[in-house]
Amino acid sequence: MEEQTFFKKVYKVIRQIPYGKVTSYGAIASYLGTKGSARMVGWAMNKSFTSSENIPAHRVVNRNGMLTGKHHFGSPNIMQQLLESEGIKIVDDKIVDFQKFFWEPTTKNG
DNA sequence: GGTGTGACCAGCT
DNA sequence: AAGCTGGCCACAC
């Protein structure tokens, strides 16, 4: 049943991210069992725009809580605005209290 | 169809 | 302590 590749799994996990929460690439990759594929997660975000799915890529940042991929949203302020819109504070392209908003990948979908 | 690339992470020097 | 390299896997040319 889990024929979905690591790439597809990434999308599923990201869509599981609740409102006002964020997670890191490594957390997702590690959760899937491939910590080394952290960059694949980020890259999946890039494809998320062209993908037919709605992926809240703005809720995904690096382990430092830094908005590294903000450039890929078409504008380097979209990602920050989206996060702030959810109640997340951002300073210097970094999430304030990142751990407080950090959400652990839990695909408890059943 | 092979090679390169990519929004990362962690270990080694 | 800081800088560089490897690793992972799917997509584009």
Side-chain angles (χ1 to χ4, degrees):
Chain A
M1 191 61 84
E2 314 203 342
E3 308 251 347
Q4 302 281 339
T5 58
F6 169 82
F7 192 90
K8 291 294 189 61
K9 291 179 185 175
V10 174
Y11 285 141
K12 296 179 75 167
V13 176
I14 291 170
R15 284 185 300 197
Q16 297 294 343
I17 301 175
Y19 179 91
K21 291 288 183 178
V22 293
T23 187
S24 64
Y25 307 96
I28 297 170
S30 179
Y31 170 75
L32 297 177
T34 51
K35 182 177 69 174
S37 299
R39 14 193 246 174
M40 281 309 314
V41 180
W43 192 53
M45 306 285 102
N46 193 343
K47 307 303 297 183
S48 68
F49 294 99
T50 59
S51 179
S52 304
E53 303 290 345
N54 181 11
I55 309 296
H58 63 274
R59 292 184 187 156
V60 186
V61 296
N62 64 351
R63 74 178 190 90
N64 290 332
M66 187 180 293
L67 281 55
T68 50
K70 64 177 186 168
H71 275 284
H72 296 267
F73 285 80
S75 212
N77 6 318
I78 296 176
M79 186 174 188
Q80 178 169 340
Q81 288 182 355
L82 287 171
L83 291 170
E84 288 182 337
S85 180
E86 298 191 359
I88 299 174
K89 192 66 152 299
I90 300 180
V91 174
D92 190 21
D93 297 339
K94 284 188 292 191
I95 297 175
V96 181
D97 294 333
F98 175 57
Q99 290 184 343
K100 185 159 69 177
F101 296 107
F102 182 78
W103 172 84
E104 184 179 1
T106 54
T107 56
K108 48 177 163 181
N109 56 357

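We name chains A, B, ... by the order of the sequence lines, and we start the count at 1 in each one. Here the structure is a predicted model, which means the values were calculated and not measured. Heavy-atom basis, side chains included; hydrogens, waters and symmetry copies ignored.
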* Asked: Is any side-chain heavy atom of A/Phe6 less than 4.5 Å from a side-chain heavy atom of A/Val41?
  -> yes
When you compare the protein's N or O atoms with those of nucleotides 1-5 of chain B, which come within less than 3.5 Å of each other, and at what distance?
none

* Roughly how many Å is it from CZ in A/Phe7 to P in B/dC8, rounded to a whole number? -> 15 Å
* Structure fact -> Correct closest heavy-atom pair for A/Ser51 and A/Tyr11 would be CB-OH, 4.2 Å
* Asked: Are A/Leu83 and A/Phe101 close enough that some pair of their side-chain heavy atoms sits under 4.5 Å apart?
  -> no
* Asked: What integer distance in Å separates A/Asn64:CG from B/dA10:C1'?
  -> 12 Å
* To do: Quick one: label A/Tyr25 by what it contacts on the DNA or RNA (base, sugar-phosphate, nothing), any heavy atom closer than 4.0 Å.
  => base
* Where the side chain of A/Arg59 meets the backbone of A/Ile17, is there a donor-acceptor pair that is under 3.5 Å apart? -> yes
* To do: Indicate, with a heavy-atom threshold strictly under 4.0 Å, whether A/Lys47 touches base, sugar-phosphate, or nothing.
  => sugar-phosphate
* **B/dA10 and C/dA10, which share atom name C1', separated by this distance in whole Å** => 22 Å
* Residue pair A/Glu53 / A/Arg15, side-chain heavy-atom distance below 4.5 Å -> yes
* Taking the side chain as every heavy atom from C-beta outward, state whether A/Arg39 and A/Tyr25 have any pair of such atoms under 4.5 Å apart. => no
* To do: Compare all side-chain heavy atoms of A/Thr106 with those of A/Gln16 and state whether any distance is below 4.5 angstrom.
  => no
* Structure fact -> Its 5'-most and 3'-most nucleotides having an atom under 4.0 Å from a non-hydrogen atom of chain A, DNA chain C is contacted over C/dG7 to C/dA12
* To do: Indicate yes or no: at least one non-hydrogen side-chain atom of A/Trp103 is less than 4.5 angstrom from one of A/Val22.
  => no
* **Euclidean distance, atom CD1 of residue A/Ile55 to atom C1' of B/dA7 [Å, nearest integer]** => 14 Å
* Asked: Where is the tightest heavy-atom contact between A/Arg63 and A/Phe98, given as atom of each residue plus distance?
  -> O-CE2, 3.5 Å
* To the nearest Å, give me how far apart CG (A/Leu67) and P (B/dC8) are. => 12 Å
* Structure fact -> Testing B/dA7, B/dG6, B/dC9 for proximity to the side chain of A/Met40, the answer is B/dG6
* Asked: Closest nucleotide of DNA chain C for A/Thr50 versus for A/Ala38: which of these residues is on the 5' side?
  -> A/Ala38
* Scan A/Asn62 against the nucleic acid and name what it touches under 4.0 Å (heavy atoms): base, sugar-phosphate only, or nothing. => sugar-phosphate
* Earlier contact from the 5' end, DNA chain B, for A/Gly69 and A/Lys35 -> A/Gly69
* To do: Indicate, with a heavy-atom threshold strictly under 4.0 Å, whether A/Ala57 touches base, sugar-phosphate, or nothing.
  => base
